[in-house]
Amino acid sequence: MAPEATPYNFWFQVDDLNKPFTFQDRYFDLVHSRCVIAGIEAARWETYVRDCCRILKPGGWLQMVEFYYNVQSDNGTLTDGHALRRWSEMYLRAHDEARDLRAPLRFKALFEQAGFVDVEIRMIPVHLSSWSRDPHEREIGEAFKEVFRSALSALGLHPLIDTLGMSLNEAQILVANARHELEDLSYRPYLGLYCCIGRRP
């Protein structure tokens, strides 16, 4: 599945992120890790970040970018009784034993424990609908709403049914109600996108 023409220093490598990396020590100037949270086992996070440090050259940087799937409201109108919040709570709980979907909240500590310096973290609120007054943010929110509408079932149905024991009908009703709430701009929903960088000394 590789493109026909690739740069001389580009190659594909299949690796298992839950096992120690096969890359050489001190090999890369930059490691960028993004949207792998659902694939990394809960107990792997500390060694995953340490592996990233090990394969970086001194002075090299690690950047990690992950969503925290806990739907929030910019104005506090979404409560735990709303379908979007219920979906979030159940989705996170369904993964508790196997995956740590709350890992983005610990990124700064994980980086520092692995030996990184100059660690900075930023949470970017990614709007789930077009509620912003800013035209650019409104456009992003509208586009991401469509992505999240699909994700509610694509990501959620399996863990809600197989792990938490909901019936298919119950899960579909929850997803339908959550999708309905996305259309109400007064809720001002967003997901936190956590971006963390750190430098190997």
Side-chain angles (χ1 to χ4, degrees), residues 1 14-19 33-49 64-107 109-110 123-132 137-196:
M1 223 168 94
V14 177
D15 221 339
D16 184 345
L17 296 181
N18 287 304
K19 295 181 179 171
S33 173
R34 177 178 54 193
C35 296
V36 297
I37 196 165
I40 296 182
E41 295 167 357
R44 170 68 171 140
W45 276 101
E46 288 181 21
T47 57
Y48 179 73
V49 177
M64 296 184 96
V65 181
E66 294 290 344
F67 281 103
Y68 175 41
Y69 287 95
N70 185 25
V71 178
Q72 299 293 311
S73 174
D74 181 69
N75 59 8
T77 53
L78 275 180
T79 68
D80 291 342
H82 285 91
L84 282 166
R85 291 298 298 275
R86 288 199 332 271
W87 181 93
S88 293
E89 184 274 326
M90 295 175 87
Y91 180 72
L92 292 168
R93 185 164 38 98
H95 289 86
D96 275 346
E97 288 188 25
R99 303 288 184 254
D100 183 2
L101 300 188
R102 294 170 180 84
L105 305 177
R106 301 185 299 120
F107 277 175
L110 288 168
M123 190 281 286
I124 300 167
V126 177
H127 300 185
L128 299 180
S129 63
S130 56
W131 54 261
S132 177
E137 287 180 353
R138 215 171 28 247
E139 183 180 344
I140 293 170
E142 186 61 30
F144 201 76
K145 177 181 76 174
E146 296 310 313
V147 172
F148 196 66
R149 281 177 58 82
S150 296
L152 286 165
S153 57
L155 294 177
L157 288 182
H158 174 73
L160 296 179
I161 295 167
D162 288 357
T163 305
L164 298 184
M166 291 181 83
S167 70
L168 175 60
N169 188 53
E170 289 171 325
Q172 287 176 328
I173 289 171
L174 177 63
V175 167
N177 289 337
R179 286 176 174 162
H180 180 72
E181 289 173 3
L182 286 176
E183 301 301 326
D184 188 335
L185 300 184
S186 70
Y187 291 134
R188 300 169 68 95
Y190 70 88
L191 282 180
L193 181 66
Y194 284 76
C195 303
C196 191

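Predicted, not measured: the structure shown is a model, and the values here were computed from it. Along the sequence shown, residues are numbered consecutively beginning with 1. Just the heavy atoms: all of them, side chains too, but no hydrogens, waters or symmetry mates, feed the values below.
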What are the two closest heavy atoms between Leu174 and Ala83, and how far apart are they?
CD1-O, 3.8 Å
Which pair of heavy atoms, one from Ala94 and one from Pro159, lies closest together, and at what distance?
CB-CB, 3.6 Å
Tell me yes or no: between the side chains of Arg44 and Thr47, is some donor less than 3.5 Å from an acceptor?
yes
If only atom types and distance count, is the side chain of Glu66 paired as donor or acceptor with the main-chain N or O of Cys35 below 3.5 Å?
yes
I'd like to know if the side chain of Ser73 and the backbone of Tyr187 have a donor-acceptor N/O pair within less than 3.5 Å.
yes
Shortest non-hydrogen separation from Leu101 to Ile37 and the atoms involved
O-CD1, 3.6 Å
Would you mind telling me which of Trp87, Tyr69, Phe67 makes a ring pair (Phe, Tyr, Trp, His ring centres under 6.0 Å) with Phe148?
Trp87
How many angstroms lie between atom NZ of Lys19 and atom CD of Glu41, to the nearest 0.5 angstrom?
9.5 Å
Supply the atom-to-atom distance Ile161 CD1 to Met166 CE, rounded to the nearest 0.5 angstrom.
8.0 Å
With rounding to the nearest 0.5 Å, note down the distance linking CZ in Arg86 to CE in Met90.
8.0 Å
Do side-chain atoms of Ser153 reach the backbone of Ser150 as a donor and acceptor pair under 3.5 angstrom?
yes
Can you see which heavy atom on Trp45 is nearest to which on Leu110, and at what distance?
CB-CD1, 4.2 Å
Under a 3.5 Å distance rule, please check whether Asn18 uses its side chain to pair with a backbone N or O of Gly39 as donor and acceptor.
yes
CG of Leu78 to OH of Tyr190: how many Å apart, nearest 0.5 Å?
10.0 Å
Among Glu139, Glu183, Glu181, whose salt bridge (Lys or Arg N to Asp or Glu O under 4.0 Å) with Lys145 holds?
Glu183
Applying side-chain contact (heavy atoms from CB on, under 4.5 Å), run through His82 and Val71 and close with a yes or a no.
CA-CA 10 Å; His82 285 91; Val71 178; over 6 Å; no
State whether the side chain of Trp131 and the backbone N or O of Pro189 hold a donor-acceptor pair below 3.5 Å, judged by distance alone.
yes
Just how far is it from atom CE of Met123 to atom OH of Tyr68, taken to the nearest 0.5 Å?
11.0 Å
Look at the side chain of Arg138 and the backbone N and O of Ser130, then say whether any donor-acceptor pair between them is shorter than 3.5 Å.
no
Output the distance between atom CE (Met64) and atom OH (Tyr48), rounded to the nearest 0.5 Å.
4.5 Å
Minimum heavy-atom distance between Ile124 and Cys195, given as atom pair plus value
CD1-SG, 3.8 Å
Just checking, any donor-acceptor pair under 3.5 angstrom between side chains of Thr77 and Asn75?
yes
Please evaluate residues Ser167 and Asn169 with respect to the criterion side chain to side chain donor-acceptor pair (under 3.5 Å), reporting the C-alpha separation (whole Å), side-chain torsions for both, the decisive distance (0.1 Å), and the verdict.
CA-CA 5 Å; Ser167 70; Asn169 188 53; 5.3 Å; no
Work out which heavy atom in Ile40 is nearest to a heavy atom in Arg99; give both atom names and the distance.
O-CD, 3.0 Å
Side chain Arg34, main chain Val65, donor-acceptor under 3.5 Å:
no
Check the pair Arg102, Asp96 against salt bridge (charged side-chain N to carboxylate O under 4.0 Å, His left out), reporting the backbone distance first and the verdict last.
CA-CA 9 Å; Arg102 294 170 180 84; Asp96 275 346; 2.7 Å; yes
Checking the side chain of Arg85 only, and the main-chain atoms of Thr79 only, is there a donor and an acceptor separated by less than 3.5 Å?
no
Validation row: Arg93, Leu164 side chains within 4.5 angstrom (heavy atoms):
yes
Quick check on Glu46: does its CD atom have over 12 non-hydrogen neighbours (other residues, nucleotides or ligands) under 6.0 Å away?
no
